[in-house]
Peer 1: 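Got a structure for you, questions after.
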Amino acid sequence: MPTRRTIEMNYDFREIEAKWQKYWADNQTFKAENHSSKPKFFALDMFPYPSGAGLHVGHPLGYIASDIYARYKRHKGFNVLHPMGYDSFGLPAEQYAIQTGQHPAITTETNINRYREQLDKIGFSFDWSREVRTSDPKYYKWTQWVFIQLFNSWYNIDTDKAEAIDDLIVVFEASGNTGINAVCDEDTTPFSAKDWKAFSSKEKQEVLLKYRLTYLAETEVNWCPALGTVLANDEIVNGVSERGGHPVVRKKMTQWSMRISAYAQRLLDGLNKIDWPQPLKDSQTNWIGRSEGASVTFNVISTQSEVEGEKSHKISVFTTRPDTIFGVSFMTLAPELDLVHEITTPAQKPAVEAYIEATAKRSERDRMADVKTISGAFTGAYAEHPFSKEPIPIWIGDYVLAGYGTGAVMSVPCGDQRDYDFAKHFDIPIPNIFEGVDISEEAFADKATTIIGNSDFLNGLCYKEATRKIIDALEALGQGEGKINYRLRDAVFSRQRYWGEPFPVYYVDGMPQMIDKKYLPIALPEVEKYLPTETGEPPLGNATKWAWDTKNNKVVFNEMLKQVQHDEDGERHSELDSESHQGVYPLELNTMPGWAGSSQYFNRYMDPNNEADIFSQEAINYWQDVDLYIGGSEHATGHLLYSRFWQKFMFDKGLVPKDEFAKKLINQGMITGTSAFVYRDDAGNFISKNLTVDKRVSPIHADVSFVNAGDELDIEAFKNWRPEYKDAEFILEDGKYIVGREVEKMSKSKYNVVSPDSICEEYGADSLRLYEMFLGPLEQSKPWNTAGITGTHGFLKKLWRLYVDDNGAKFTDAAPTKDNLKTLHKTIKKVEEDIAQFSFNTSVSTFMICVNELSIQKCTSKAILEPLAILVSPYAPHIAEELWSKLGHTGSIATIAFPIFEESHLVESSKEYPVSFNGKMRFKMELPLDMSKDDIEAAVMAHEKTQAQLQGRTPKKVIVVPGKIINIVG
RNA sequence: GCUCGAGUGGUGGAAUUGGUAGACACGUUGGACUUAAAAUCCAAUGGACAUUAGUCCGUAUGGGUUCAAGUCCCAUCUCGAGUACCA
């Protein structure tokens, strides 16, 4: 039993860490103030989804890095905002609810509590008074509120920002929509002020919906009738659902969409002013996919079969190569375009319809994955070339995607490989419009060396000139114009799920109405079952109390609705005539997607308990934006793009002062697990790894907790793991069973998960924090190996012994020696440089070197040991606090000023020069640093080893770089 | 296919503007202390040759630039991440 004395003298991390974690909580040490004379610093982590599996050692990596930075900034005199919260809406909780009937709110609460316990044990300096949870009605009230703001806005291209929909109505009333330059639906038709005034209220709402930044639209989704739900592309494998293997069909559904495409150019431009990793910026750039070119309209030539009175058709295409327009030998349409049915001739109808049916069966992903197979069908129709007036056959082909551009291309086989392959396959002519280029084998797509030929008025021109000239000609003809196209599509914002934010929306006459801010939040209703309804409605269709009473402004029971009608597809419609509804209307049944709650949480942290506003202007004006954001790169084109979009929208509305929410972003790398394998032969025996050569064995994952640092298996533990292993035979080598090891993603199913709890228990949080950083560069992925933690744990013990030994406190008031000061200041310098570059692994080594040197120097001087404790504090805060109090200080070390580096302690008078011969280092010699080049050369030449190296030769050249190196050539 | 990133001992990884390759750890080996173990401390540890002195090889591969290359240039290979018929 340890005496009081040994607890005092030994590094008892368990007691120390518990003590300081309690101190920080009791004293609210890390509470950030919204009023401060100090400069602000906002250090943010991507908040986690609280899964049932808890944290493994990979999760805290980024949190430790940002915590070190946050603590460092406090030492540097900043008012630091370092919050944490939970992205607590999501599918796993809902799945669990479906299986067990347990309410997702309960499992979510349980998981959050477990996360909190695990996070607390690691000693983070989070300001927990600012915690947010996306599934908390007090939080999602503001998610709903932002949605309403988006609904009430439209995008004005002339001012290049979002503006109030009310202002748009004023314009409509005065002059219709013809003078408006807005981002809106493609099918928006022109109307005058007079037309507008003549529209019914419903017609007006329909028109406005085409302009709103969030709007209802028919979207194609992957519908799985058996599961009664919509699936994401990656939930579909080989055309059937991943869960259950049910068939999936493409289906059009009315869903909320976000007009993010309005911000495409600004999202692109904004990348230039933020310090984010280049790969992440690249992937956003590719995702937005800007391409410059022209839109060209082709007239479809009337066919004899055309029904009388049918309007003439036009096909609009986008092309990046309008200069090659004289090389067009056919056009290709996406099979799903409605236009296809309208232009197909009777003779071609069977072939075309068969083809459309065949492509509908393939998922979008299948179609995209299969690049090699060329398929298509001729419609029998022809388009007219805008200049040559020649007829151009119109084909359909699944290599043209309905969702990109207009879903139609002008095919130039000599200039585009896909068009070339298509033309070859179907024996379509391939006219050559390039000067001096052979296209008998493949298409020619190099813009830089293009000289146009065989193209009427474009002959002899290069790509740039031809493009300019053809766009002018198209404009003169009224059949085209220069255009910039973006790949970025509007984002679907509806999910047929239960565990998400409800929309603050009810429907009158099928038109969506927003609920006033006063009555928010609209809380998730209770449901019996979390599955879709029998009629195929989303889970909220099961709610019995889910209607909006506009008289009393509250959610009421569905009985208050007079009737609910369903159409053939099972969709609920509010076909209640205005007499019968008595002011009660059906509420939206969809919920918001996972990214809704995470798109503005960083701003909410600034003023998380504000009930009147999303945040006060005072708070946002003080905190401004995120100074450092750390998180995984997997969010590159999801969360990080949507958040930037919402931020720009909020900026347009004057709600936030910055149009980019995070100045600096770092992607932490993944920590991989080192899986362990045992090898079972056909007889069921387990054979030690090195005896498996030439044997037929199957590797089986063994839990890594059964394996020691020497890869030896704890056979008893393994036998007790599973009943089927109870009586297994083990064939040993040298009396041991050795496992095989392999680096894989850390995952429960691979039994290679290491939990931070057991590490904290055995070695302490400070050891864990240091080790996670010591593993390697923050941004790289690296394998976890628990055995190595003895390195950082040993360092902490060594650090402790610098201050305390068996006789108690060691430190003295003795003046520091020159060596002591040199060691200290070398460390300050290196650590500050490392933190500035987020190179935390090298600063841990630097601490080790520092402590090794001070131990050798037998340093006991408080003048060294006090600043050292502060230096270490961001990395290993518990031990630093304890040492600080042992040094006689009261209160926390957290805001004590960081030691100041003084160059004077590092000034050297001499240098041990490496002396190289023909670039190879042979020996070293100590020389004064102020020695002139000539004197150095003379000294080196006089050295006996130089003569031995030269063996009588005369050097051709002697290179002296003062303070660096000497190289003798010859 | 395209875009981006990375290849250094048995392992994780160091190495400012080109200037002593392998810091710091883990592991391994030997030693001290101990009845023993743990803990701790000391020493060795890229490879080959050599009694020592020392020599040669060595940062994925092949070239190149340079007094000097892990670092710069060209080509190739391998691995990882993202993305995908984008007109």
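Residue numbers begin at 1 in each chain, while the letters A, B, ... track the order of the sequences.
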Peer 1: Would you tabulate the nitrogen or oxygen pairs shorter than 3.5 Å linking the protein to nucleotides 31-34 of chain B?
Peer 2:
none

Peer 1: Within the pair A:Arg418 and B:rC86, is there a side-chain N or O less than 4.0 Å away from OP1 or OP2?
Peer 2: yes

Peer 1: Are there any protein N/O atoms within less than 3.5 Å of an N/O atom in nucleotides 16-18 of chain B, and if so, which ones and at what distance?
Peer 2:
unit_1, atom_1, unit_2, atom_2, d
B:rU17, O4, A:Lys964, NZ, 2.3

Peer 1: Assign A:Gln284 to base, sugar-phosphate, or nothing according to its heavy-atom contacts below 4.0 angstrom with the strands shown.
Peer 2: nothing

Peer 1: Show each protein N/O and nucleotides 66-73 of chain B N/O combination with a separation under 3.5 Å, one pair to a line.
Peer 2:
unit_1, atom_1, unit_2, atom_2, d
B:rC67, O2', A:Asn967, ND2, 3.1
B:rC67, O2, A:Asn967, ND2, 2.8

Peer 1: Which dot-bracket string describes RNA chain B (Watson-Crick N1-N3 plus N6-O4 or O6-N4, or G-U N1-O2 and O6-N3, all under 3.5 Å; [ ] crossing; | other strand)?
Peer 2: (((((((..(((......[....)))((((((.......))))))((((....))))..(((((..]....))))))))))))....

Peer 1: Counting only side-chain N and O atoms of A:Lys782, is one of them less than 4.0 Å from OP1 or OP2 of B:rG13?
Peer 2: no

Peer 1: Taking only side-chain nitrogens and oxygens of A:Asn841, does any of them come within less than 4.0 Å of OP1 or OP2 of B:rC24?
Peer 2: no

Peer 1: Once salt bridge (charged side-chain N to carboxylate O under 4.0 Å, His left out) is applied, what residue pairs with a partner in residues 768-792 of chain A remain, sequence neighbours excluded?
Peer 2: A:Asp67-A:Arg769

Peer 1: Please, which pairs that meet salt bridge (charged side-chain N to carboxylate O under 4.0 Å, His left out) have at least one residue in residues 402-425 of chain A, sequence neighbours excluded?
Peer 2: A:Asp416-A:Arg418

Peer 1: Hey, does the side chain of A:Arg922 come within less than 4.0 Å of B:rU55's phosphate (OP1/OP2), counting only N and O?
Peer 2: yes

Peer 1: Any base atoms under 4.0 Å from A:Lys956, or only sugar-phosphate, or nothing? Heavy atoms, all strands.
Peer 2: nothing

Peer 1: In whole angstrom, give the distance that lies between atom CD1 of A:Ile849 and atom P of B:rA15.
Peer 2: 11 Å

Peer 1: How many whole angstroms separate atom CZ of A:Phe923 from atom C1' of B:rG19?
Peer 2: 16 Å

Peer 1: Taking atom P of B:rU40 as reference, at what distance in whole Å does atom NE2 of A:His793 sit?
Peer 2: 8 Å

